[in-house]
Amino acid sequence: MTLASSALEQPDLEVKRAWQIIEGMPAFAWSADADGRFTYVSPNTLTFLGDAREQLNTPDQEDEFGWRRTVHPDDYERVAARWRHCLETGDHYDTEHRLRRADGGYHWFRNSGRPVRDDQGRITQWYGTTVDIDDQKRAEAALRDRERELSQIVDMVPIHLWRLTPDGEPTFINKRLADYIGMTLADADKRGIDRFDALMEFLHPDDAAAF
């Protein structure tokens, strides 16, 4: 199937404006038939994919939708399974995965698609957008790294650290304190007891009232 990348010949003004909006979006736009084969992808999609565009709509025994060259190998099975499920059920298609650029690098994208049905409720087309979220993913990864580093520092300091809400509900104890008392806050939750009462169990009876 040949992928369209331009509007119909001699479109009326409304159609022309619609295509200009679609093809001017920074996101990738696409449509697919009821079997999941692309009927349209916006020009910026083809520019991003480069030679990989030739693989779209060319399925084989190991590549059900012809996506294997464009979707990151670690994401392919999950993404293909989700698309297959949506085609069978009509559920909205929403995934996050990496796509291969023309230069061989990968960017993270959020892919969303919705079905259109005929009068009998049968799916006739899918329409969707694919939005670049690579900067967001990089920022999230950097934040996780900083949180991991901070957590390691907190766990290494030679003191017991804890945090309470204004109402006195324990929300954090560091690993050194958890190791000392032999219990984490999650352990208290599993036992079904109040977190503050659980910590109070480890205070000396002569000190509990004053504390």
Side-chain angles (χ1 to χ4, degrees), residues 1-118 121-142:
M1 179 181 298
T2 301
L3 296 176
S5 61
S6 61
L8 300 175
E9 293 183 4
Q10 298 181 340
D12 61 32
L13 184 58
E14 292 299 323
V15 172
K16 183 177 180 179
R17 286 175 176 173
W19 281 97
Q20 288 174 335
I21 293 171
I22 292 172
E23 298 191 348
M25 293 190 306
F28 300 160
W30 57 267
S31 65
D33 62 22
D35 295 324
R37 292 171 60 83
F38 289 114
T39 55
Y40 169 84
V41 293
S42 55
N44 56 350
T45 311
L46 301 180
T47 299
F48 180 90
L49 296 176
D51 292 341
R53 76 180 74 177
E54 305 300 334
Q55 302 299 315
L56 296 175
N57 287 347
T58 55
D60 55 40
Q61 292 182 346
E62 297 182 355
D63 190 1
E64 183 175 357
F65 302 110
W67 294 358
R68 193 173 291 278
R69 189 175 175 183
T70 60
V71 176
H72 192 285
D74 293 343
D75 302 333
Y76 175 82
E77 295 299 338
R78 170 178 56 83
V79 171
R82 179 60 186 171
W83 184 227
R84 188 183 311 113
H85 168 82
C86 292
L87 293 176
E88 294 172 353
T89 64
D91 287 351
H92 290 176
Y93 178 63
D94 289 291
T95 63
E96 293 183 0
H97 57 81
R98 288 157 286 185
L99 287 177
R100 185 179 184 274
R101 293 184 313 200
D103 63 4
Y106 285 91
H107 267 218
W108 277 97
F109 286 85
R110 178 177 294 114
N111 207 346
S112 301
R114 302 292 183 265
V116 173
R117 301 175 183 272
D118 62 17
R122 296 171 298 193
I123 294 176
T124 58
Q125 282 282 317
W126 288 81
Y127 294 95
T129 56
T130 305
V131 180
D132 191 326
I133 59 170
D134 201 67
D135 288 344
Q136 173 188 329
K137 285 291 187 178
R138 291 179 185 275
E140 290 173 353

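Because the structure is a prediction, the values reported are computed rather than measured. What's counted below: heavy atoms across the whole structure, side chains too, no hydrogens, waters or symmetry copies.
Interatomic distance, W67 CH2 to D75 CG, rounded to the nearest 0.5 Å: 12.0 Å. Note that CZ of R110 and CD1 of I133 are 4.5 Å apart. Values are rounded to the nearest 0.5 Å. Atom NE2 of H72 and atom NE2 of H97 lie 12.5 Å apart (nearest 0.5 Å). To the nearest 0.5 Å, the span separating CH2 on W126 from OG on S31 amounts to 12.5 Å.
Using a 4.0 Å cut-off between charged nitrogen and carboxylate oxygen, D94 and R114 count as a salt-bridge pair. A salt bridge links R101 to D103: at least one charged side-chain nitrogen sits closer than 4.0 Å to a carboxylate oxygen.
Shortest non-hydrogen contact noted between P115 and G90 is CG-O, 3.6 Å. When all heavy atoms of V131 and A27 are compared, the pair lying nearest together is CG2-CB, 3.9 Å. The two residues T45 and F28 make their nearest non-hydrogen contact at OG1-CB, 3.2 Å. Scanning all heavy atoms of the two residues, the minimum distance from L49 to R100 falls at CD2-O, 3.7 Å. Taking all atoms of both residues into account, the shortest heavy-atom contact from P73 to Y106 is CD-OH, 3.7 Å. What you find for H92 and C86 is that their closest heavy atoms are O-SG, 3.5 Å.
At least one donor-acceptor pair closer than 3.5 Å links the side chain of D63 to the backbone N or O of R68. D134 contributes a side-chain N or O that, together with a main-chain N or O of W108, makes up a donor-acceptor pair within less than 3.5 Å. The backbone N or O of V116 lies less than 3.5 Å from a partner atom in the side chain of T124, making a donor-acceptor pair.
The environment of R138 atom CZ is sparse: at most 12 non-hydrogen atoms of other residues, nucleotides or ligands sit within 6.0 angstrom.
Residues L99 and T130 are in side-chain contact: their nearest non-hydrogen atoms beyond the backbone lie under 4.5 Å apart. Here the side chains of R98 and K137 are not in contact, with every heavy-atom distance at 4.5 Å or above. Using a 4.5 Å heavy-atom cutoff, the side chains of F65 and V71 are not in contact.
W83 has its ring centre less than 6.0 Å from the ring centre of Y93.
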